[in-house]
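Okay, so here's the structure we're looking at.
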Amino acid sequence: MKKRKLAVIGCRGHWGYVTREIANFPDLDWCAVSTGCADAPDRMVAAAAEKGFSPRIYSDYRELLATESPELVVVDGPFELHTAITLDALAAGAHVLCEKPVALTWKQLDQLRTACRDLPEHRILLPMQELRCVPAMRAARRAVAAGAVGTVRLISARKSYRLGQRPGFYRDRSTYGGTIPWVGSHALDWIMWFGGAPFEYIDALHDRSDNAGLGDLETSAALICRLTNGVLATAHLDYFRPSAAPTHDDDRVRVAGSRGVIEVTAGKVQLLDETGEHEVPPEPGDGIFGSFVRAAAGETAPPVSRNELLELNRALLAARDAADRHC
């Protein structure tokens, strides 16, 4: 079996998606790692070893790209370097799965948009929107797309996290990017995904109160949006989930339409329509890494298109800017 070479650059976010699914793809060779910065690669190397791999370690990710010529690259380095590492990996001919958001500034987004215009159609550039791949979310989206609630009119999304212990880079806007781009990436993605259209209007507020001394980190945010098809939406983000909560996060979506309402809460999907209330069974499938691997092989379409990636990133930066103006 011909092996496809995989490299992981960075260890600051959700690179663990690789270890969760890599056993499903025996044709992959996890050949190399680099942190993309001064961070130690020990955790990645140990995780790879647990899966039977011995990746070579590079202090310079550019040397990794030039020496290894990997077919697939997972980018999860310093948030402010997502764009630069992604562009270098694309230029080296790799398919790229990048931690979200891919761009933290408007200049980076412009660079990304230019690169996408010149990218071959078959080349995959995918953001780590893992929550599109959660079985409950996948089932709810399919039901909405099939007309279960009629014409979508209103969407409410909620993301709540434990604050916990955060690395130092979360303290600084230049290295964290803000809670709206980091946490809100999922909420706004759900809105665009369930709503079926790009954003026409977006406004937001955010606040840093009670952030345990974490500098610039915003602990809460509220967003209001309108899509180009008239769908209205709100999103609420916070780091106030108590440490005693049974899970690290609490993800909820409510979609109201002309013929019913569907809600995702605690991994369950409830549909209320003219015939009563029904539980929609979850829809298992690949996670975001598995989806990336299959899309790169041409087996399936990527779960997030390039246009959706760019539109989501634009909306996140616009929302963060709006919230900053109100501070």
Side-chain angles (χ1 to χ4, degrees), residues 1-102 104 124-130 133 161-162 164-172 175-177 182 248-249 286-297:
M1 179 187 299
K2 182 181 179 182
K3 296 284 189 176
R4 288 190 284 169
K5 296 174 74 173
L6 165 72
V8 180
I9 300 173
C11 57
R12 287 200 173 181
H14 298 94
W15 61 272
Y17 294 149
V18 174
T19 58
R20 185 188 301 176
E21 293 191 273
I22 196 168
N24 298 334
F25 301 95
D27 66 324
L28 291 185
D29 173 20
W30 188 348
C31 65
V33 298
S34 175
T35 62
C37 62
D39 294 347
D42 301 0
R43 286 191 305 139
M44 279 197 298
V45 173
E50 288 182 2
K51 299 298 179 179
F53 298 95
S54 301
R56 290 170 286 281
I57 302 170
Y58 289 82
S59 57
D60 185 340
Y61 78 85
R62 296 179 185 85
E63 182 185 357
L64 180 159
L65 293 171
T67 303
E68 301 287 347
S69 299
E71 181 179 337
L72 302 102
V73 172
V74 173
V75 175
D76 198 11
F79 295 2
E80 71 275 18
L81 297 182
H82 283 171
T83 304
I85 298 173
T86 292
L87 295 180
D88 286 339
L90 290 173
H95 301 284
V96 177
L97 172 64
C98 182
E99 179 63 274
K100 45 70 187 173
V102 184
L104 283 189
I124 302 301
L125 171 57
L126 186 63
M128 282 190 196
Q129 297 299 152
E130 166 71 14
C133 301
Y161 284 147
R162 295 171 178 157
Q165 298 295 317
R166 298 273 159 175
F169 66 84
Y170 277 89
R171 299 172 179 270
D172 193 317
T175 52
Y176 171 43
W182 177 240
H248 172 66
D249 52 1
D286 292 320
I288 196 67
F289 177 71
S291 299
F292 168 62
V293 174
R294 295 192 194 281

Aromatic ring proximity, centroids under 6.0 angstrom, Tyr176 and Tyr170: yes

Any Val74 side-chain heavy atom under 4.5 Å of Leu6 side chain: yes

Contact list for residues 5-17, test side-chain hydrogen bond (donor to acceptor under 3.5 Å, both in side chains), sequence neighbours left out: Lys5-Glu68, Arg12-Asp39, His14-Glu99

Min side-chain heavy-atom separation Arg294-Phe25 under 4.5 Å: yes

Candidate list Ile9, Val75, Val73, test side chain to side chain contact (heavy atoms under 4.5 Å, CB included), partner Thr86, passing option: Val75

Electrostatic pair Arg20-Glu130, nearest N-O below 4.0 angstrom: yes

Gap between atom CZ of Arg56 and atom CG of Leu64 - 0.5 Å precision: 9.0 Å

Separation between CD1 of Ile85 and OH of Tyr61, rounded to the nearest 0.5 Å: 5.0 Å

Closest non-hydrogen atom pair between Leu90 and Ile124, with its separation: CD2-O, 4.4 Å

Do any side-chain atoms of residues 41-53 form donor-acceptor pairs under 3.5 angstrom with protein atoms, and if so which ones, sequence neighbours left out?
unit_1 : atom_1 : unit_2 : atom_2 : d
Arg43  : NH2    : Cys11  : O      : 3.0
Lys51  : NZ     : Thr19  : O      : 3.4

Within-4.5 Å side-chain heavy-atom neighbours: His248 and Tyr161: yes

Nearest atoms (heavy-atom pairs only) where Pro127 meets Leu125: CD-O, 4.2 Å

Close side-chain approach of Val18 and Asp76, heavy atoms under 4.5 Å: no

Any donor-acceptor N/O pair, His82 side chain to Lys100 backbone, under 3.5 Å: no

CG-CG distance between Leu126 and Leu72, expressed to the nearest 0.5 angstrom: 11.0 Å

Closest non-hydrogen atom pair between Ser291 and Cys133, with its separation: OG-SG, 3.9 Å

Shortest non-hydrogen contact between Leu81 and Gly36, atoms and distance: CD1-O, 3.7 Å

Contact list for residues 21-35, test side-chain hydrogen bond (donor to acceptor under 3.5 Å, both in side chains), sequence neighbours left out: Arg4-Asp27

